[in-house]
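All values below were derived from every heavy atom in this structure, side-chain atoms included, with hydrogens, water molecules and symmetry-related copies excluded. Just follow the structure's listing: the first ligand is 1, and inside any ligand the first atom is 1. Numbering starts at 1 and runs along the sequence shown.
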Amino acid sequence: MLILLKTDASRQEIETVKNRVAELGFTPHEIPGVQRVAIGITGNKAKVSPDNFLTLPGVVDVISVSKPFKLVGRDFKPENTIVDVGGVTFGGNEIQIIAGPCSVESREQILEAAMLVKQSGAKLLRGGAFKPRTSPYAFQGLKVEGLEYLKDAAEKTGLKVVTEVKDTETLAAVAECSDILQIGARNMYNFSLLEKVGDLGKPVLLKRGFSSTIEELLMAAEYILSRGNYNVILCERGIRTFETYTRNTLDLNAVPLIKKLSHLPVIVDPSHGTGAWDLVPPMAQAAIAAGADGLMIEVHAHPEKAMSDGYQSLSPKTFLAMTKQLKKFESVIQRAVAVDA
Ligand code: PEP
Ligand code: MN
């Protein structure tokens, strides 16, 4: 349920409504926005009578919201959310490119990747330090040491860091070295981790689970927003289907569909979405044509030597060729691609 107040509602009128919601045993959420003053209600098991609020000063309407997600939905917040990562924005006119290796492998390797990303004009560096691998025998990442190398590479280049947080135990350490906390596909249902990143308030990149519906992805994001953190970027990274020629099936339907259902920015990861380096540039183009607010691309100086996901990683040459190609889309999509021409 959503309570709409007049646009010039006073602080006292807003607080009166929030207190009334709390008195009834529900949770009030003041929805950030410029077009209207709105308070969302969660925690109600059944329909709440609008009469509880319609007589309060400043209230103009009470709307019932039937979708299971509330705070992430466009019903609650019609305008796009812009996630601001120290001046680098997602969800506005600029399309951001996050690029880097699957895993941080050494100080030199991540620095070399960072210089390449910088050279392309992109603003965000990725690299996994804590790697959630399918096999316990596979490379698990350099962990805290990897975080330090990432931080060092970011400081030297001025890039923002995106790295995965695997569990609540290592959250504090990852948060210290990362500008955006990535929740991977395998952790989309880790509700205690979602709640903890919600409490922290830092920008979160939430990846779709490989067998998750779009509604389940939105409900996972709802966990984060319900703790007061609206800085959530959603990521389509491919889902499992019967197709075996690709690692996953990149579900580009998700982009315009999520943009319709939710105000949150959506980015696409064609590297995991396809699993093959030569399919990455065309699917990156398709993603931005479909309305994606950004891309996450795996790139490695020597893909054949990568400790994880080498086959889907672009070489420096193909990465730079791809970013230049993406730049040409600007005039058609009427948005800026945050790379150099
Ligand atoms: C990654 O981005 O390196 C990763 C592990 O992705 P996903 O969680 O989508 O598999
Ligand atoms: Mn990877």
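- Not a single heavy atom of R208 lies less than 4.0 angstrom from ligand 1.
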What do the steps show when you test L225 against F76 for side-chain contact (heavy atoms from CB on, under 4.5 Å), and what is the final call?
-> CA-CA 12 Å; L225 270 71; F76 266 53; over 6 Å; no
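- At the Mn ion (ligand 2), the vertex angle linking SG of C102 with NE2 of H272 is 170° (nearest 10 degrees).
- Per residue E298, closest N, O or S atom to the Mn ion (ligand 2): atom name OE2.
- Looking at S120 and T323, their side chains never bring a donor and an acceptor atom within 3.5 Å of each other.
- Looking only at heavy atoms of the protein, atom 8 (O) of ligand 1 is closest to A185 N, 2.7 Å.
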L111 and E108: CA distance, side-chain angles, deciding distance, side-chain contact (heavy atoms from CB on, under 4.5 Å) verdict | CA-CA 5 Å; L111 184 59; E108 297 68 35; 5.8 Å; no
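- Neither side chain, D309 nor H300, offers a donor N or O lying under 3.5 Å from an acceptor on the other.
- Nearest residue to atom 4 (C) of ligand 1 from R126, M296, H272, Q312 is H272 (criterion: closest heavy atom).
- Minimum heavy-atom separation, Q334 to N93: O-ND2, 3.3 Å.
- Against a heavy-atom cut-off of under 4.0 Å, G184 is close to the following atoms of ligand 1: 8 (O).
- Among heteroatoms of the N, O or S kind in D309, OD2 lies nearest the Mn ion (ligand 2).
- Remark: minimum distance from atom 6 (O) of ligand 1 to any protein heavy atom is reached at K207 NZ, 3.0 Å.
- Residue L150 holds its CG atom at 6.0 Å from CG of L125, rounded to the nearest 0.5 Å.
- For atom 5 (C) of ligand 1, the closest non-hydrogen atom of the protein is E164 OE1, 3.8 Å.
- For Q182, a nitrogen or oxygen atom sits less than 3.5 Å from a nitrogen or oxygen atom of ligand 1, counting backbone and side chain alike.
- With ligand atoms numbered from 1 in the order given, ligand 1 contributes 3 (O) to contacts under 4.0 Å with heavy atoms of E298.
- In terms of protein heavy atoms, atom 9 (O) of ligand 1 is closest to R237 NE, 2.6 Å.
- Seen from the ring of F210, R240 counts as a face-on cation partner, given the 6.0 Å and 45° thresholds.
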D167 and K196: CA distance, side-chain angles, deciding distance, side-chain contact (heavy atoms from CB on, under 4.5 Å) verdict | CA-CA 10 Å; D167 47 43; K196 286 268 163 32; over 6 Å; no
